[in-house]
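Data block below; observations after.
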Amino acid sequence: MNAERILPLAGLAVIWGVYYVASGQAVLSLSVFPVGVAIRLLTLALLTAIMLYTGELRGLFRTKGVRARLCLIGVMGFLLDLTAFIGLQLSSSGSGTALLKTDILFVNLISVVVYGQRFRRREWLYTFCMLGGVLLVMGLDPRELSLADPGSIFFLLSALFVSINAFLIKSVQRSPKAAVGSRTIAFYNNFITLVLFTATSAALGTLPQLGRVASQPGLLTALLIAGFGQTGIYLVYYYDLARFPVWLVKVFLLLMPVVAGGLSYLLFGERLAVWQLLGMLIVLLGALGILFEQRAKEASELAAQM
C-alpha cells in the first residue's frame, strides 16, 4: 500500500479527531441535540454549495432503486448518535468511548460472517493491539468497563449501528440499480439526521438554546470547526469506503483518539499521562503492522496472478 493510498485513510483520522475535539467543546455550552442541529445545518449548506458547484444536485432525484437504503442510512446516522447520547447519560464517558471503539470488531465479524472476508492471525493481533492502545490513550481503567452498566448496551448498540451503516453506504456506492455518488449519499444522510435531530430537540425543549450561539464567540468557532469537520468526514469517509474494505477504514479510525489527545494537549493544555503516550505508540505501531500485512497480501496476490 503506497503513500498515495494511505493519505486519505490517515487524513480521515485527523479530520475526525478535529471534529471530535470541536464538538466536545460545543457540548460544554449546549445540549447535545442543539449542537447536532447546528453542525448539520452548516454541513447541509456546505454540501449544497459543493454539489451546486460540481453539478451533482440533480443526482439527488436520481436514486430510484436505492432510496429506501438512503433513508435507512440517515436513520442509522441518527440512531448511532442517539444511542451514544443515552449511554453517556447512564454511564461514564470513559467506558463509553472505549465501547464505541468495538465497532471495528463488529465490522470484522460482519466481514467474516456475511462477506466471507478472511483475516490473517497477525491482522487480528494488530487490531486488538490497537484497541488496547486506544484504551490507554483514553485513560480508561479496565475495571470501569462493565457490561452490567446499563449504559453499556447503548454504547454497544451505537457501535453496531456505525458498523451496519458503513456496509449500507458501501452497498449503495456499488449498487447496479442506480449510479449514486458519495456526495448524494452524504446529503441524504445529513438531511435525514438533521430532520430527526431537530424534531427530537424540539420535543425536548432544547432547540431555543441555539440562541446562545450569537453571543458566545468561542461556541460559534467550535460549531463552525465541527461543521467543516463533519463535511470533511462525509467527503473523505465515503471516498475511503468506496475504495477500501470497511474493516481497513475502521482500523485507521482507531488513530482518532491519538489525534484528539494530541490536539487537546496542544490547544487546551490537557496533560497526557505516561500510559496515554504509551497507548499512542501502541496504536501507531499497530497501524504500521496492518500496513505491512496489507503490502504483503497485495504482493502475494500480484504474484499469484503472474
Side-chain angles (χ1 to χ4, degrees), residues 11-50 77-78 80-89 91-98 100 134 137-140 155 158 186 189-191 193-237 253 255-273 276-277 280:
L12 178 61
V14 174
I15 294 170
W16 219 311
V18 171
Y19 167 78
Y20 181 82
V21 172
S23 59
Q25 290 298 306
V27 297
L28 294 177
S29 302
L30 297 179
S31 298
V32 170
F33 289 105
V35 168
V37 172
I39 290 173
R40 280 159 180 79
L41 272 174
L42 178 57
T43 303
L44 179 67
L46 291 171
L47 284 175
T48 301
I50 292 170
F78 172 73
L80 64 90
D81 282 340
L82 177 63
T83 48
F85 175 55
I86 295 174
L88 286 171
Q89 290 183 316
S91 60
S92 70
S93 59
S95 61
T97 47
L100 288 174
V134 166
V137 173
M138 292 175 174
L140 178 70
F155 288 125
S158 182
N189 189 347
N190 185 73
F191 182 76
T193 303
L194 169 61
V195 170
L196 293 174
F197 260 113
T198 303
T200 305
S201 185
L204 294 174
T206 58
L207 205 54
Q209 292 182 16
L210 289 173
R212 303 177 193 172
V213 176
S215 60
Q216 298 184 34
L219 173 60
L220 177 60
T221 300
L223 288 173
L224 287 172
I225 294 173
F228 278 96
Q230 180 69 73
T231 305
I233 289 169
Y234 278 135
L235 298 178
V236 182
Y237 182 46
L253 280 176
L255 294 169
M256 189 188 74
V258 177
V259 175
L263 286 173
S264 296
Y265 172 75
L266 292 173
L267 298 177
F268 307 110
E270 295 183 9
R271 294 190 174 276
L272 298 173
Q276 289 177 298
L277 295 173
M280 289 183 179

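No hydrogens, no waters, no symmetry mates; every other heavy atom, side chains included, goes into these values.
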**Message:** Quick check: closest heavy atoms across Ala22 and Ala226, and the distance to 0.1 Å?
**Reply:** CB-N, 3.8 Å
**Message:** Is it the case that atom CZ in Phe191 sees more than 12 heavy atoms from other parts of the structure closer than 6.0 Å?
**Reply:** no
**Message:** Between Arg212 and Ser29 (side chain of the first, backbone of the second, donor and acceptor by atom type, cut-off under 3.5 Å), is there such a pair?
**Reply:** yes
**Asked** What's the shortest heavy-atom distance between Ser31 and Gln209, and which atoms?
**Response** N-OE1, 2.8 Å
**Request:** Classify the angle between the aromatic ring planes of Phe33 and Phe78 as parallel (below 30°), tilted (30 to 60°) or perpendicular (above 60°).
**Result:** tilted
**Item:** Pair Ile50-Leu235, side chain to side chain contact (heavy atoms under 4.5 Å, CB included): steps then yes or no
**Value:** CA-CA 10 Å; Ile50 292 170; Leu235 298 178; 4.0 Å; yes
**Prompt:** If you measure from CD1 on Ile225 to CG on Leu42, what distance do you get to the nearest 0.5 Å?
**Reply:** 11.0 Å
**Message:** So, taking the atom named CG in Asn189 and the one named OH in Tyr234, what distance separates them when rounded to the nearest 0.5 Å?
**Reply:** 4.0 Å
**Complete:** Closest heavy-atom pair, Val37 versus Ser201, reported as atoms and distance to 0.1 Å, is CG2-CB, 4.4 Å
**Asked** How far apart are the C-alpha atoms of Thr43 and Gln230, what are their side-chain angles, what is the distance that settles it, and do they pass the side-chain hydrogen bond (donor to acceptor under 3.5 Å, both in side chains) test?
**Response** CA-CA 7 Å; Thr43 303; Gln230 180 69 73; 5.5 Å; no
**Asked** Rounded to the nearest 0.5 Å, what separation is found between the CZ atom of Arg40 and the OG1 atom of Thr198?
**Response** 10.0 Å
**Complete:** CG of Leu41 to CG of Leu46, rounded to nearest 0.5 Å, is 11.0 Å
**Request:** Over all heavy atoms of both residues, which pair between Ile39 and Ser23 is shortest? Give the atoms and the distance, please.
**Result:** CD1-CB, 4.2 Å
**Message:** Minimum heavy-atom separation for Ile15 and Gly229, please, with both atom names.
**Reply:** CG2-O, 3.5 Å
**Prompt:** Should Val213 and Leu30 count as side-chain neighbours, where that means a heavy-atom distance under 4.5 Å?
**Reply:** yes
